[in-house]
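First comes the structure, then the notes that go with it.
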Amino acid sequence: MAKRKQMVVVTGGAGFLGSHLCDRFVNDGFKVICIDNLITGNLKNIKHLLKDKNFNWMRHDVSKEIKVAGPVDCVLHFASPASPVDYLAYPIPTLKVGSLGTHNALGLAKLKKARFLLASTSEVYGDPQEHPQKETYWGHVNPIGPRGVYDEAKRFAEAITLAYHRYHKIDTKIVRIFNTYGPRMRIEDGRVVPNFIYQAMHNKSLTVYGTGKQTRSFCFYSDLIEGIVRLLFSKIHGPVNIGNADEFTILQFAKLVLKVSDTKSKIVYKKLPTDDPRQRQPDISLAKKHLKWRPKVKLEEGLVETFSWFQENVD
Ligand code: UDP
């Protein structure tokens, strides 16, 4: 009898990272069920997969019970608005998908005896007072500020994930994702990468918030996906930072966008959003040691690829 193909469920599978994960698993010979309610996901991201017999998709809000027929081997919970602009626009759905959605996705993993991976975030560190951030750092989050809807939902999601591991013995993984960029980001999601690229493409001024001295460390999506797959099949249950440790100020990043884009754009300064973290850089020692993973794509290289994708795919 032919061996059954492994079945992977990806919640948020029509989003930026979720859709790249669907691609990766289909290419690696898995069957994939993508679940998305399309509030920030887009069918365009999975259009090329729709005819593949190993791919299925369901429009569903995972804050409500998730029903899947047949065996499931892995559940990856990626559903959530993920950009500050999006989670400010959808504060309650963000809280619900991080809490109820994670509960439901864990319930599915428990029922099917599947391994479970939670997409967590560097936002659990808030405006960090430890730099770079190690997984052992507890964070510095404002629970009642506007970003709290995302940060606290993800912190709850981590707590319930580890409770399911400890109490129900589910094989859980938690990836703390740092700023990631690449093809299929939504041009209007408000994050710095699509904003600057859109502005540069249209010779509009690049909007640097605050002084631009705040830092971020940008990881190309392909490096992140590789790290996630390695983590999924590892023996680690607690959180693991996956990100690129090359840290840039936002002003440096704006200048890099100007360099790669052949634009007439200038830089203008706008108000810094509330609770915008002043610095962010992952300590990736754990991933290097236990997953034998390290990012390969330099920011300039990834930015050139992302820029041309936006030029070809976005009006
Ligand atoms: N940012 C900016 N201009 C923009 C969008 C964002 O200067 O048009 C800044 C933002 O204030 C933050 C950094 O870029 O300091 C990264 O913001 P993003 O929204 O991409 O993600 P975050 O890391 O804050 O979740």
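Computed from a predicted structure; not experimentally measured. Both counts, for ligands and for their atoms, begin at 1 and track the order of listing. These numbers come from the heavy atoms of this one structure, side chains and all, not from hydrogens, waters or symmetry mates.
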[X] near ligand 1 by a heavy-atom separation under 4.0 Å:
X	value
A254	no
R147	yes
F196	yes
Q199	no

Do you know the tightest heavy-atom contact between [X] and [Y]?
X	Y	answer
W309	M185	CZ3-O, 4.0 Å
V75	V72	CG2-CG1, 3.9 Å
N241	D283	ND2-O, 3.1 Å
G107	Y164	N-CE2, 4.3 Å

Would you mind running through ligand 1 and noting each atom that sits below 4.0 Å from a heavy atom of [X]?
X	value
G190	5 (C)
Q214	9 (C), 11 (O), 15 (O)
P273	11 (O)
N195	4 (C), 5 (C), 8 (O)
P84	19 (O), 25 (O)
R280	22 (P), 23 (O), 25 (O)
E123	25 (O)

Who's the nearest protein heavy-atom neighbour of [atom], and how far?
atom	value
atom 13 (C) of ligand 1	I250 CD1, 3.6 Å
atom 1 (N) of ligand 1	Y209 CD1, 3.4 Å
atom 15 (O) of ligand 1	D276 OD1, 2.6 Å

Would [X] and [Y] count as having a side-chain donor-acceptor pair, cut-off 3.5 Å?
X	Y	value
S83	R191	no
Y221	R184	no
T263	N203	yes
R59	N37	no

If we set the cut-off at 4.0 Å for heavy atoms, which region of [X] has an atom near ligand 1: side chain, backbone, both, or neither?
X	result
S83	neither
T207	both
N179	side chain
R216	side chain
V192	both
R191	both

Mind telling me whether H77 and F116 have parallel, tilted or perpendicular rings, with 30° and 60° as the class edges?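 Rings of F116 and H77: tilted, 30 to 60°.
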Residues in ring-ring contact (aromatic ring centres under 6.0 Å, His included) with H140, at least two apart?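 For H140 there are no ring-ring contact (aromatic ring centres under 6.0 Å, His included) partners, ignoring immediate neighbours.
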Would you find more than 12 non-hydrogen atoms of other residues, nucleotides or ligands less than 6.0 Å from H60 atom NE2? yes
Considering only heavy atoms from C-beta outward, does the side chain of Q199 approach that of T207 to under 4.5 Å?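 The answer is yes; the side chains approach within 4.5 Å.
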